[in-house]
Structures are given as structure tokens and as C-alpha cells.
There are 2 protein chains.
Amino acid sequence: MDKLTDRKKRLLEAVVDSYITSAEPISSAAIQQEYMPDVSTATIRSELAGLEEMGYLVKPHISAGRVPSSKAYRFYVDSLMQSVTLDDVDELASEGRKRIEGVESIVKEAVKVVSDVTNYTSLMVLEGKDDIIVRQVKLISMGDNTALVIIITDGGVLRDSVINLPENTQEGYLEAAASLINGSMAGKSIRSITGGEIISGVEEFKALFDQIITMLRQYVRGGEVYVEGTDKIFSYPEYRDVENVKGFLSVISQKDKLQELTAGDGVEITVKIGAEEGVKNMAVVSARYLVSGKQIGHVGVIGPERMDYKKVIKVLTTIGKMSEEKKEDKNG
Amino acid sequence: MDKLTDRKKRLLEAVVDSYITSAEPISSAAIQQEYMPDVSTATIRSELAGLEEMGYLVKPHISAGRVPSSKAYRFYVDSLMQSVTLDDVDELASEGRKRIEGVESIVKEAVKVVSDVTNYTSLMVLEGKDDIIVRQVKLISMGDNTALVIIITDGGVLRDSVINLPENTQEGYLEAAASLINGSMAGKSIRSITGGEIISGVEEFKALFDQIITMLRQYVRGGEVYVEGTDKIFSYPEYRDVENVKGFLSVISQKDKLQELTAGDGVEITVKIGAEEGVKNMAVVSARYLVSGKQIGHVGVIGPERMDYKKVIKVLTTIGKMSEEKKEDKNG
DNA sequence: ATTAGCAGTCGATAGCGGTGAGTGCTAACA
DNA sequence: TGTTAGCACTCACCGCTATCGACTGCTAAT
């Protein structure tokens with residue numbers, strides 16, 4: 001009896017579907033009325049009992065209707081993913097022209113859009129970008145023995161930062177340093193740069209190089225996180241329970257946790273559901289996010305387990321698509 | 001009878017003090033025991049009745065102890081501010097010796113420290129900096145008809161940003177533009193620059209200037225906000241009520257609201273308490289925050305009305321001090 | 001395999017009385 | 001006039017009970 005018959009599947013979908021919109025346990029009678037008028041409630045009940053035994057459904061108490069378990073959502077999402085044509089989203093990545101711009105503003109906007117459209121709390125997790133290629137390093141004197149370092153990569157401009165220079169530098173010191181640095185870094189990935197010591201010998205620039213490499217390391221470690229629409233969570237009745245809100249806030253304030261949750265290895269869409277997957281009473285849906293064809297992180301949505309997966313997945317893939325298309329906009 | 005006698009003041013302070021630590025209504029008997037052993041509970045009761053009538057105290061219900069009203073906290077804070085010696089703060093100072101760095105990282109660190117030390121949710125609101133003086137503008141070619149704009153001010157480096165150039169620019173275009181821009185902007189405040197049109201005539205650079213001015217405008221509008229320790233709020237029993245959490249989250253996700261709450265005009269410490277001051281069931285304490293001697297925004301703490309004002313005010317002033325000292329470090 | 005019917009379970013809600021922490025009031029006192 | 005003791009009163013809180021009703025599980029008939 002532990003086989004998912006066709007009818008069981010339909011039933012399961014009905015329960016999830018209903019629960020997603022109503023947040024209330026659903027009874028056999030309600031299922032009959034709304035989804036399967038041609039079988040009796042008794043039949044439905046016995047089927048439901050089967051699904052319950054298999055772990056897909058849960059009863060809050062014995063005389064209540066059924067509620068989907070995490071496993072049920074998992075099933076729901078998995079079958080959803082099959083039917084969605086993910087190759088709507090052409091991967092074409094294309095080298096083409098690189099639009100160089102502060103990633104930050106694009107990202108912020110995207111997060112906001114996602115949150116507004118889905119009505120869930122949304123987030124963007126920028127990942128350590130250690131395979132980004134350094135194109136050029138610029139050093140700009142700021143006086144006071146300090147200089148601004150700007151690292152231009154094929155993914156945009158890295159966070160600029162100010163570094164200290166040795167005292168009493170010669171005229172032309174910065175230029176010399178820059179050209180030396182460019183010679184040894186340009187065209188290489190951040191990973192390979194931070195990996196070993198590339199430059200040796202030139203004692204005069206040692207301190208400078210160290211600072212720059214430290215900068216890069218910090219950048220690789222990265223893990224910037226943007227969250228938007230935190231208070232949207234209160235639209236959903238499950239968050240009338242403070243415990244849940246607490247769990248929610250705890251998750252979104254742990255950057256590394258978010259990173260872990262959204263990190264689908266090369267997968268287009270990642271869905272984490274429930275305690276076994278690290279989010280008790282919650283679900284996190286995330287998608288790869290690309291700028292100029294380069295993956296820079298993941299964009300996602302966090303909310304109750306009974307999330308509107310259909311809508312969310314659709315929105316996230318759309319956003320993914322958009323981010324690639326921006327490239328084209330530029331010509332207009 | 002609507003005069004605050006000396007004893008009433010002491011009484012009021014006792015109530016607030018007690019409530020700050022216990023979060024429970026306090027009874028006349030408890031006050032007697034812990035604060036004024038030499039008067040009877042009856043006396044205390046009649047005094048309390050007076051304070052209640054004057055609006056300083058509130059009874060949750062008729063047979064319960066007293067709880068301070070917003071007005072009481074206001075009184076408490078006001079008298080606190082008179083007595084606090086703002087310069088007995090050293091414990092933290094050693095923590096903050098940092099090299100010169102982008103404002104962002106200093107700020108993030110500061111917020112984190114405040115949150116950790118106070119155990120409240122803390123925030124940093126960077127303000128529109130329209131009175132910052134532009135020192136120098138740099139234009140750096142990035143190929144692809146784009147250039148990076150860097151604006152150096154006496155407060156540090158403004159957010160760099162990429163702009164588009166006209167097609168087919170001449171050799172030397174950027175240099176010419178830069179010197180023209182510097183000629184008209186250097187030494188001026190952002191406000192005066194964005195105010196009217198400074199440069200006119202030179203059609204060739206018009207588009208470029210417009211972009212830079214737009215950049216500056218955005219920057220002035222500014223209003224970056226950092227929040228840290230959101231989940232600390234759950235340490236406090238008042239946030240077992242979801243309604244309060246809701247209010248809390250709603251406030252900290254409205255940037256303009258936070259800006260308004262922390263904006264004390266030239267005042268060192270600003271305290272907003274309760275609904276009348278825009279934060280129902282909450283309090284916000286904030287202090288001016290300076291980097292290298294320039295005020296760049298406000299650092300603050302948000303929590304329940306029965307906030308530990310003493311501690312919070314102390315921490316915030318300390319942080320403020322630290323940030324000023326950085327300037328000195330620089331010479332060393 | 002499906003269905004109708006019925007007994008059984010249990011959460012939710014309301015009502016009730018007892019308890020106790022605190023108050024307000026009054027009358028006596030310094 | 002300010003302070004105090006004493007007492008009656010109020011009301012949140014707790015536990016208990018009863019009722020209601022929304023479901024289910026089970027069984028026996030189709």
C-alpha cells in the first residue's frame with residue numbers, strides 16, 4: 001500500500017493546494033466538494049489515511065482535517081518542477097559585451113521587486129566570487145599617504161577601498177606599483193591570486209600587495225546579504241505565533257545560514273522545506289542570479305512552508321531571466 | 001497637586017527603574033521594601049495615585065501594580081541626561097583602533113558592537129550628506145565607452161559609480177572633462193553643486209555632467225540604513241506579543257522612518273519614546289555618529305520602552321567618542 | 001473497491017468559584 | 001496637614017466542568 005497511486009497524487013495535490021491558500025486543515029468533505037465531487041468522503045478518508053501513514057499528511061489533532069507535511073510540499077514542488085518548463089530561461093550567458101556597473105544597485109532593486117511581487121520576504125545572497133577574473137587594478141592617490149584601490153573585474157567593479165601607503169613615497173611610486181600589480185594579476189581569477197604568493201622579491205611594494213590581497217580575500221569570503229520586506233511575513237497567519245517569527249528572524253539574520261540554504265550547486269532553482277532541510281516551519285526558494293552572464297549569487301524568497309511555490313518559482317525564474325537581458329537594454 | 005514634589009520624583013524613578021529590570025508592574029509594597037523603607041505603603045499609594053493622575057503612571061488593571069507611561073520614561077531620560085557625565089567612557093575605546101577604511105566597514109562594525117554590548121537591536125542611519133565638501137573628482141576610463149566616477153570629499157570617498165560616455169570620444173576627452181569638473185566643483189558643498197546648474201555652455205560635456213550631478217543627488221538623498229541584531233528583541237518579554245514584534249519590524253524596515261526617528265538636529269543624544277513620538281510601545285535612542293570629525297549619520301538602538309537607558313546612552317556616547325578619535329589615529 | 005452510517009475523539013468556548021495580589025478609602029493619629 | 005493602619009473591594013488568573021461541533025475511523029452493506 002505504500003505506492004502513490006494516481007488518485008493519491010491528485011489528492012495530495014489537492015490538500016497542498018488548498019492549504020496553501022487557506023492555511024487551514026482541510027477535511028474530507030471539503031476535498032470532495034472542491035476537488036473530487038465524484039467520490040465519497042469515506043473513500044477520500046481512507047485514501048487520506050494511507051497518505052498519512054506514508055508520511056505525507058499530518059493531523060494537528062485527531063478530530064481535525066489534514067495538513068500537509070514537509071514531505072508533501074517536497075512532493076508538490078518536485079512534481080511542479082517537472083511540469084514547469086525551465087528552459088524558458090535560456091542560459092545563453094554569452095560573453096558579448098560586459099556591462100560594468102556597481103552590482104549593488106541592480107541587486108537591491110531586484111530584491112525589492114521580488115518581495116513586492118511575491119509578497120514574501122525576499123533575499124539576495126551574493127556569493128564569494130573567487131572565479132571572477134581581474135581585469136585591471138587601479139591605484140589612486142588620495143593624499144595623506146593613502147590611496148584608493150579599485151579592482152575592475154569582468155563582473156564589475158569590486159568594492160573600492162582605501163589603503164595605507166608607506167611613508168614618504170617617491171614620485172611615481174603608485175604608477176610603478178600599479179603596473180607591477182597589473183602585470184601579475186590581470187587576467188587571473190581571484191582564487192588563483194589569493195591562493196599563493198604571486199609576487200615576491202620587490203620589498204618596496206610588499207606591504208601594498210599584502211593589503212590588496214587581503215582586500216581580495218575579504219571579497220572572496222564575501223557573503224553580502226540583502227533582505228527586503230521583512231514585515232511581509234505578518235501577512236501569513238502562521239506568524240501570529242511568536243515562536244515562528246523568532247525562527248524566521250533568526251534565519252534571516254544568519255548570513256552563513258542563508259548562504260547555505262540558497263546554495264544550489266549549479267541548479268537553477270533550489271527549494272528547502274521544513275526542519276529536515278534546515279528551516280523549521282519554513283521554506284526557502286532560491287534561484288541563481290546572474291549579472292552580465294555571470295552568476296553572482298542567489299535570489300530567494302523565504303516564507304511559510306505552505307508557500308505559493310508556483311508563483312514564487314515563476315517570479316524567481318523571471319527575475320533570473322531579466323538579469324540576463326539587462327545586457328541588451330544597454331544598447332537602447 | 002499637579003506639581004512634581006521631590007518625593008514624587010524619587011518615586012517615579014523607582015517605578016521606572018524597577019520596571020526596566022523586571023518588566024512587571026510594581027506594587028506599593030515592593031517599592032517600600034526596595035526603595036523607601038521609611039514610609040508606609042499607604043503613603044506610597046497615595047503618592048502613586050497622584051502620579052497616575054498626572055499621567056506618569058498606568059495601571060494595567062485596577063488590582064495591579066503601577067507601570068510607567070511613556071511620559072514617565074521621558075521624565076526619567078530627561079533627568080538622566082542632566083546627571084550623566086558624558087565622559088566616563090573608556091572600556092570600549094581600545095577595541096576600535098582601526099586603519100582607515102571605507103566608511104561602510106567602520107559603520108558595520110560599529111553597529112555590531114553596539115548591538116552586542118547593549119543586547120538591543122541596533123542601527124546606523126547614514127544621512128544625506130549635502131554639506132560635505134567635494135575635494136576632487138576623478139574619471140577613469142573603463143573601455144566600452146564607460147568611465148568610473150570617483151568623488152573624493154573631505155568625508156571620504158563617495159560611492160563610486162559607472163557612467164556612460166558619448167560614442168567615439170576623442171583622446172583626452174576624459175582629462176578635459178575632469179579638469180573642467182574639478183574647476184567648477186572642487187571646494188564646493190554637495191548641496192551647492194546639486195542646487196543649480198553650475199556648468200553651462202559646453203555642450204560636449206553636458207551629458208556627462210548631468211550624470212555626475214544625478215549621482216550626487218542620489219547620494220545626498222542617501223539614507224543607507226544598517227540594522228544588526230534584529231533577533232535580540234526576543235530577549236524581552238514584551239515581544240512575546242506578536243503585535244509588538246510586528247510594530248518593531250515595521251519600523252526597522254522603513255528607512256525614512258528610521259531617519260526621522262534618529263534625526264536630532266545637532267543634538268548629541270536623541271530619545272524617542274512611545275506612540276506620541278512615533279514608536280508605539282518602543283523607544284529609540286540615537287546619537288550622532290562621526291567619522292574623521294564629520295557627522296555622517298546616527299547610530300542608535302531600538303527596543304522596548306523600558307529600555308536600559310543608562311546603559312544605552314553610555315554605550316552610544318562611547319561609540320560616538322571612538323569615532324572621533326579615529327582622526328587622531330590617522331596621524332600615528 | 002466504494003459507500004453510508006454511526007460512534008468516538010478532542011479542540012474550542014463558555015461559565016463558575018476560589019484565590020490572592022493590589023488598590024482606594026476612611027478614620028485615627030502626630 | 002501629612003502619615004498611617006485597617007478593611008472592603010476589584011479583578012486577573014487558575015482550574016474545573018459542560019457543551020458543542022467538526023472531524024475521523026470503523027464497520028457493514030452494496
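Atom CG in B:L48 sits roughly 15 Å away from atom C1' in D:dT4 (whole-Å rounding). Across the protein-nucleic acid pair, A:H61 atom NE2 and D:dC23 atom P stand 9 Å apart, rounded to whole Å. Between the CG atom of B:D38 and the C1' atom of D:dG2 there is a distance of 15 Å, given to the nearest Å. Atom-to-atom, CG of B:D6 to C1' of D:dG2 comes out at 16 Å; the value is rounded to the nearest Å. Taking atom CD on A:E52 and atom P on D:dC26, their separation rounds to 11 Å, with Å as the unit. Between the C1' atom of D:dT24 and the CD atom of A:E47 lies a distance of 16 Å, rounded to the nearest Å. Across the protein-nucleic acid pair, A:I44 atom CD1 and D:dA22 atom P stand 18 Å apart, rounded to whole Å.
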Can you check nucleotides 6-10 of chain D for protein contacts, nitrogen or oxygen pairs under 3.5 Å, and list what you find?
from: D:dG6; atom 1: O6; to: B:R45; atom 2: NH2; distance (Å): 3.4

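Remark: A:R7 engages A:E47 in a side-chain hydrogen bond (donor to acceptor under 3.5 Å, both in side chains) (not counting sequence neighbours). For B:S46, the side-chain contact (heavy atoms from CB on, under 4.5 Å) test picks out no residue, with sequence neighbours left out. B:D38 pairs by the side-chain hydrogen bond (donor to acceptor under 3.5 Å, both in side chains) definition with nothing, not counting sequence neighbours. Taking A:Y120 as the reference, A:Y236 meet the ring-ring contact (aromatic ring centres under 6.0 Å, His included) condition, with sequence neighbours excluded. Considering only residues two or more places apart in sequence or on other chains, B:E260 meets the side-chain hydrogen bond (donor to acceptor under 3.5 Å, both in side chains) condition with none of them. In this view, B:T41 and B:S28, B:A29, B:Q32, B:R45 satisfy the side-chain contact (heavy atoms from CB on, under 4.5 Å) rule, not counting sequence neighbours. Considering only residues two or more places apart in sequence or on other chains, B:K257 meets the side-chain contact (heavy atoms from CB on, under 4.5 Å) condition with B:V251, B:Q254, B:L261. Under the side-chain hydrogen bond (donor to acceptor under 3.5 Å, both in side chains) criterion, A:T43 pairs with A:S40, sequence neighbours left out.
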(message) Assess the residue pair B:N119 and B:S235 against the criterion (side chain to side chain contact (heavy atoms under 4.5 Å, CB included)); give the C-alpha distance rounded to whole Å, side-chain angles, the decisive distance to 0.1 Å, and a yes or no.
(response) CA-CA 8 Å; B:N119 201 38; B:S235 323; 3.8 Å; yes

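For DNA chain C, the residues of residues 11-29 of chain B within the heavy-atom distance limit of 4.0 Å (strictly under) are B:S27, B:S28, sorted by number.
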Could you list the donor-acceptor pairs under 3.5 angstrom formed by side chains in residues 59-68 of chain A, with sequence neighbours left out?
from: A:K59; atom 1: NZ; to: A:E52; atom 2: OE1; distance (Å): 3.3
from: A:R66; atom 1: NE; to: A:E52; atom 2: OE1; distance (Å): 3.1
from: A:R66; atom 1: NH2; to: A:E52; atom 2: OE1; distance (Å): 3.0

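On the nucleic acid side, DNA chain C contacts chain A at distances under 4.0 Å to non-hydrogen atoms, with the end points of that region at C:dT2 to C:dG11.
Close to D:dC11, at under 4.0 Å from its OP1 or OP2, lies no side-chain N or O of B:K59.
Ring geometry, A:Y309 versus A:Y73: the interplanar angle falls from 30° to 60°, so the pair is classed tilted.
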